[in-house]
Number of protein chains: 2
Amino acid sequence: MRIASAERRTLLVQAALRVIAAHGVSAATTRAIVAEAGMSLASFHYAFRSHDEMMRELIGYVVDAESTAAFAVLQPGADIRTSLRDGLRAFLDYVIADPGHEQVMQELVQYSLRTPGLESMARDQYASYHRAVAELLTGGAAASGVRWAVPVDDVARLVVTVTDGLTLAWLADRDAAAAVRVIDFAADAIAALAVPLTQPIRSVP
Amino acid sequence: MRIASAERRTLLVQAALRVIAAHGVSAATTRAIVAEAGMSLASFHYAFRSHDEMMRELIGYVVDAESTAAFAVLQPGADIRTSLRDGLRAFLDYVIADPGHEQVMQELVQYSLRTPGLESMARDQYASYHRAVAELLTGGAAASGVRWAVPVDDVARLVVTVTDGLTLAWLADRDAAAAVRVIDFAADAIAALAVPLTQPIRSVP
DNA sequence: CCCATTCTGGGTCAACTGTCCCAGACGTGT
DNA sequence: ACACGTCTGGGACAGTTGACCCAGAATGGG
């Protein structure tokens with residue numbers, strides 16, 4: 001093999017993610033990971049200097065993956081309230097369909113916060129969320145012919161606050177109906193922050 | 001000693017909580033806990049059959065503690081929007097003052113969700129939160145001369161959703177100003193669910 | 001004061017962890 | 001075909017973990 005060096009790192013990271021999704025961060029031991037990847041212990045330490053180094057790369061990997069996963073389809077013409085509601089419901093459906101994935105994200109944030117030297121990665125993870133949602137909100141507003149009356153970054157933080165709270169509560173009590181009620185309320189409330197875009201915005205009125 | 005049996009269990013649980021707050025769930029090993037409690041290994045296994053049994057009791061302990069910790073002071077006469085905003089801000093101040101505590105709560109939820117046989121404790125934890133917040137909301141509404149236009153349990157879930165999302169984001173990026181903006185928005189939006197209580201409610205109008 | 005019960009100190013055990021090592025298999029360029 | 005660098009298998013290591021065991025200290029009732 002020739003190009004395997006970086007690729008095998010990715011294979012090990014993905015195997016580690018499968019182990020974490022199935023049994024949690026604490027079960028992601030070096031041996032469990034290589035077993036999942038079908039490799040031997042020596043291969044692991046040939047690709048990574050240490051288990052910690054692999055975890056660092058893993059967190060960077062999920063942050064990148066998350067920031068490019070725009071799991072919302074913007075429908076031009078729909079009003080912003082409907083777009084928000086549909087987007088949040090799609091997110092909930094996704095969590096319900098694959099609870100392991102969001103649980104991994106939550107666990108990795110905790111892991112980052114707890115591991116010396118990795119605290120900044122938790123910040124990066126949230127910055128990545130906020131940026132992705134802000135882009136979605138900007139696109140959604142344009143598609144609905146509105147603009148945000150407050151900075152879009154603030155609106156993005158609201159949305160992420162809701163999705164996080166929503167996810168945690170659903171993971172704990174699996175009450176999807178209650179989650180939908182939260183979504184409908186949040187969509188209404190957040191949509192109220194959008195104002196009609198009658199005129200192109202100009203700097204000096 | 002005579003009554004030490006139950007008391008020593010509590011002492012060990014509290015020592016375990018201190019260890020978890022300082023270094024996370026994974027650091028809460030039997031030896032670290034007895035060191036924190038100033039006991040010997042034998043004492044631990046005299047009080048608890050196993051480390052797992054202690055963790056189960058620990059989670060029950062924090063759920064009980066949380067449900068009786070009404071960390072909000074209701075001010076009669078204040079309007080409900082102000083009460084909500086002040087209550088949420090007080091919660092944020094508390095998180096900022098003692099980040100370890102809420103981080104422990106988050107970690108314990110993840111631990112419950114991951115540990116076979118403890119999944120129901122995560123549900124209990126959230127049921128406990130929702131019940132406590134619902135009581136607070138009922139009291140707050142009464143103190144402000146309003147009533148909730150939707151079931152108070154739904155309002156409670158909204159509040160818990162916000163506090164969870166708020167806490168996670170702040171733990172990650174420590175942006176208190178952004179958290180306050182979220183709070184102010186949430187207080188406005190949720191207060192809109194309250195309607196004036198002009199008449200005593202009667203079953204048949 | 002003595003004795004039975006309750007507790008503890010220290011040692012021990014097997015299991016598991018991350019890490020390392022080395023002989024040898026593999027593929028590649030010549 | 002050959003030699004060389006790249007990789008892997010299996011084994012080993014020290015450290016840590018949860019659990020246990022037993023002799024003996026502490027304690028309180030008689």
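Numbers restart at 1 for each chain; the letters A, B, ... are given by sequence-line order, proteins then strands.
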Open item on the list: What is the separation between atom CE on B:Met39 and atom P on C:dT6, rounded to the nearest whole Å?
Closed with: 18 Å
TODO: Measure from CZ on A:Arg31 to C1' on C:dT17 and round the result to the nearest Å.
DONE: 6 Å
Open item on the list: Please confirm whether the shortest side-chain N or O distance from A:Ser43 to OP1 or OP2 of D:dC7 is below 4.0 Å.
Closed with: no
TODO: Report yes if a side-chain nitrogen or oxygen of A:Arg8 is closer than 4.0 Å to either non-bridging phosphate oxygen (OP1 or OP2) of D:dT8; otherwise report no.
DONE: yes
Task: Protein-nucleotide distance (B:Phe44, atom CZ; D:dT17, atom C1'), rounded to Å - done: 12 Å
Open item on the list: Check the phosphate of D:dT16 against B:Thr29, side-chain N and O only, distance under 4.0 Å to OP1 or OP2. Yes or no?
Closed with: no
Open item on the list: Closest-nucleotide mapping onto DNA chain C: is A:Thr30 or A:Ala42 further toward the 5' terminus? I mean the 5' end.
Closed with: A:Thr30
TODO: Measure from NE2 on B:His51 to C1' on C:dA15 and round the result to the nearest Å.
DONE: 16 Å
Open item on the list: Students often get this wrong, so: under 4.0 angstrom with heavy atoms, is B:Ser40 touching a base, only sugar-phosphate, or nothing?
Closed with: base
Open item on the list: Check whether B:Trp170 reaches the backbone of B:Val95 with its side chain - one donor and one acceptor, N or O, closer than 3.5 Å.
Closed with: no
- [ ] Quickly work out the B:Arg9 CZ to C:dC7 C1' distance and round it to whole Å.
- [x] 15 Å
- [ ] Take atom NE2 of B:His23 and atom P of D:dT17, then tell me their distance rounded to the nearest Å.
- [x] 13 Å
Open item on the list: Tell me if a side-chain donor or acceptor on A:Glu36 pairs with a main-chain N or O of A:Val19 at a distance below 3.5 Å.
Closed with: no
Task: Earlier contact from the 5' end, DNA chain D, for A:Leu41 and A:Tyr46 - done: A:Tyr46
Task: Qualifying residue for salt bridge (Lys or Arg N to Asp or Glu O under 4.0 Å) with B:Arg81, from B:Asp86, B:Asp184, B:Asp188 - done: B:Asp188
Open item on the list: Whole angstroms only, please: what is the CG-P distance between B:Leu11 and C:dT8?
Closed with: 11 Å
Open item on the list: Just N and O in the side chain of A:His45: are any of them under 4.0 Å from OP1 or OP2 of C:dT19?
Closed with: yes
- [ ] Could you tell me whether the side chain of B:Ser144 and the main chain of B:Val146 form a donor-acceptor pair under 3.5 Å?
- [x] no
Open item on the list: Rounded to whole Å, please give me the gap between CD in B:Glu7 and C1' in C:dC7.
Closed with: 14 Å
Task: B:Asp124 backbone acceptor or donor facing B:Ser128 side chain under 3.5 Å - done: no
